[in-house]
Amino acid sequence: MAEVKKIRVRDRWTIRLHWFNALCWALLVPSGLGIITGDSLRLAPAWWPQFLQNLFGGNQNLILFHVVVGVIWMLGIGLFVLLRWRGVVRPFLRNVLVLTPRALWHDLRTMVITMARLFGLMKAAPIPPQGRYNGAQRLLGTMIVIASLAIAVTGLYLYFGPMVFHFPDNPVYGALFRWALVIHAAAVFLVLIGLVPHIYFATVEERESLETMKSGYAEVDFIKHHNPLWYEELKRSGQLRD
């Protein structure tokens, strides 16, 4: 039986960051849904905020837990960006961010064809050769980067704003608070929507992607057939040899 050739595509710190991020989100989303109560604004069934607030001994303790986890999340990602900017973060942003109308159109077309084929449609439409990230991954990555920045900034204002600014002095502070709450919730909602296909593809359609986030290694044949542009890039860089 021929040995399966593999190549390391992720270092251990990138893998740890991924699961650190997943753990933080697993704590932040349920606790965030438990903070907001009231008939005029409800993001979860009424029993959930009541259950969590009773579990934490009051809404203030739940808010404090949410903020502490959020700050740890921001510090962890911020530290990773500072320490791994040149080797990991900058190349990742260069590969994943969709910054031009032409790139947006290209990635949207690729994503539509990919999603349609799941339902047996557009089988004759060719999918453009993919680099390390396909169109759907690039669009999702761009959205998550922007949404994460929005979540961090608005989250800090929602908690620390009332401490720093005296809201009765200026109605702008209150207006900013309300808009921060809307943007915070909307950004979280967008990320959660994007995570559904992300998890589906990683666990069902392309389990090899999940394996790379566990071991750090990917099969060379998989890269060659699914990401031909990336395969050629790896060859040019000397990381792969035929």
Side-chain angles (χ1 to χ4, degrees), residues 4-30 32 69 73 76-77 80-81 84 87-89 91-98 103-104 106-123 125 127-149 151 187-231 233-234 239-240:
V4 177
K5 187 177 180 181
K6 295 185 178 182
I7 182 175
R8 189 169 190 88
V9 295
R10 303 186 193 279
D11 63 30
R12 66 180 186 275
W13 288 107
T14 301
I15 296 172
R16 289 170 180 171
L17 179 73
H18 176 272
W19 297 113
F20 165 79
N21 185 55
L23 174 61
C24 288
W25 272 81
L27 296 173
L28 287 168
V29 173
V69 175
W73 171 69
I77 293 179
F80 183 87
V81 170
R84 307 291 290 171
V88 177
V89 178
F92 167 77
L93 293 177
R94 186 170 59 246
N95 284 325
V96 83
L97 287 182
V98 181
L104 177 62
H106 176 275
D107 290 337
L108 280 172
R109 181 174 176 272
T110 302
M111 182 184 71
V112 169
I113 296 173
T114 302
M115 299 302 291
R117 287 189 175 186
L118 294 177
F119 302 95
L121 305 173
M122 300 183 71
K123 291 185 177 181
I127 296 179
Q130 299 176 168
R132 178 160 188 169
Y133 303 102
N134 61 38
Q137 290 171 323
R138 281 167 48 82
L139 291 170
L140 176 61
T142 301
M143 183 188 72
I144 288 179
V145 169
I146 296 173
S148 296
L149 290 173
I151 290 168
V188 171
F189 184 66
L190 285 174
V191 173
L192 291 178
I193 290 177
L195 286 179
V196 173
H198 174 71
I199 294 173
Y200 172 77
F201 271 91
T203 57
V204 178
E205 295 291 334
E206 296 182 359
R207 296 182 182 179
E208 294 85 354
S209 300
L210 179 60
E211 180 59 33
T212 66
M213 200 53 77
K214 292 161 57 179
S215 68
Y217 287 87
E219 294 182 9
V220 173
D221 283 343
F222 178 82
I223 296 175
K224 184 176 182 178
H225 289 96
H226 288 79
N227 310 85
L229 297 182
W230 184 26
Y231 178 80
E233 180 184 335
L234 291 172
Q239 294 176 261
L240 276 179

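Values below: all heavy atoms of this structure, side chains included; hydrogens, waters and symmetry mates excluded. Computed from a predicted structure; not experimentally measured.
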Side-chain atoms of residues 109-116: list all donor-acceptor pairs with protein atoms under 3.5 Å, sequence neighbours left out, distances to 0.1 Å.
| residue | atom | partner | partner atom | Å |
| --- | --- | --- | --- | --- |
| Thr110 | OG1 | His106 | O | 3.0 |
| Thr114 | OG1 | Thr110 | O | 2.8 |

Would you tabulate the side-chain donor-acceptor contacts of residues 127-137 under 3.5 Å, counting partners in other chains and residues two or more places apart, or write 'none'?
| residue | atom | partner | partner atom | Å |
| --- | --- | --- | --- | --- |
| Gln130 | NE2 | His226 | O | 2.7 |
| Arg132 | NH2 | Val9 | O | 2.7 |
| Asn134 | OD1 | Ala136 | N | 3.1 |
| Asn134 | OD1 | Gln137 | N | 2.8 |
| Gln137 | OE1 | Asn134 | N | 2.9 |

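With sequence neighbours excluded, the residues forming a side chain to side chain contact (heavy atoms under 4.5 Å, CB included) with Leu190 are Met143, listed by chain and number. For Asp221, there are no salt bridge (Lys or Arg N to Asp or Glu O under 4.0 Å) partners at least two apart in sequence or on another chain. The side-chain hydrogen bond (donor to acceptor under 3.5 Å, both in side chains) search around Glu233 returns none, not counting sequence neighbours. Here Tyr200 pairs with Glu205 under the side-chain hydrogen bond (donor to acceptor under 3.5 Å, both in side chains) rule; sequence neighbours left out. By the side-chain hydrogen bond (donor to acceptor under 3.5 Å, both in side chains) test, Thr203 pairs with no residue at all, sequence neighbours left out. Taking Arg94 as the reference, Arg90, Pro91 meet the side chain to side chain contact (heavy atoms under 4.5 Å, CB included) condition, with sequence neighbours excluded. Taking the side chain to side chain contact (heavy atoms under 4.5 Å, CB included) definition, one finds that Trp19 meets it with Ile15, Ala22, Leu210, Met213, Lys214, sequence neighbours left out. Partners of Ala26 according to the side chain to side chain contact (heavy atoms under 4.5 Å, CB included) rule, which considers only residues two or more places apart in sequence or in another chain, do not exist here.
Here the straight-line distance linking atom CD of Glu211 with atom NZ of Lys6 works out to 5.5 Å at 0.5 Å rounding. To the nearest 0.5 angstrom, Ser215 atom OG is 10.0 Å from Arg10 atom CZ. In this structure, OH on Tyr217 lies 12.5 Å from OG1 on Thr212, to the nearest 0.5 angstrom. In this structure, the separation between OG1 on Thr142 and CG on Leu93 is 9.0 Å, given to the nearest 0.5 Å. Residue Arg84 holds its CZ atom at 14.5 Å from CZ of Phe92, rounded to the nearest 0.5 Å. Here CZ of Phe189 is found 3.5 Å from CD1 of Ile193. Values are rounded to the nearest 0.5 Å.
Contact detail for Leu140 and Gly194: the closest heavy-atom pair is CD1-CA, 3.5 Å. In terms of heavy-atom proximity, Ala218 sits nearest to Ile223 at CB-CD1, 4.0 Å. Closest approach of Asn21 to Ile77, counting heavy atoms only: OD1-CD1, 3.9 Å.
For residues 136-145, the set of pairs meeting the salt bridge (charged side-chain N to carboxylate O under 4.0 Å, His left out) definition, not counting sequence neighbours, comprises Asp107-Arg138. Among residue pairs with one or both ends in residues 12-30, none qualify as salt bridge (charged side-chain N to carboxylate O under 4.0 Å, His left out); sequence neighbours excluded.
Side-chain contact between Leu104 and Leu139 is present, with at least one heavy-atom pair separated by less than 4.5 Å. Contact of the Phe222 side chain with the Asn227 side chain is registered, since non-hydrogen atoms from C-beta on lie closer than 4.5 Å. Proximity of Val191 to Trp25: side-chain heavy atoms (C-beta onward) are separated by under 4.5 Å at one or more points.
Relative orientation of the His18 and His198 rings is tilted, given thresholds of 30° and 60° on the angle between their planes.
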### Query
After noting the C-alpha distance and the side-chain angles of Val88 and Phe80, does the key distance pass the side-chain contact (heavy atoms from CB on, under 4.5 Å) rule?
CA-CA 9 Å; Val88 177; Phe80 183 87; 3.9 Å; yes

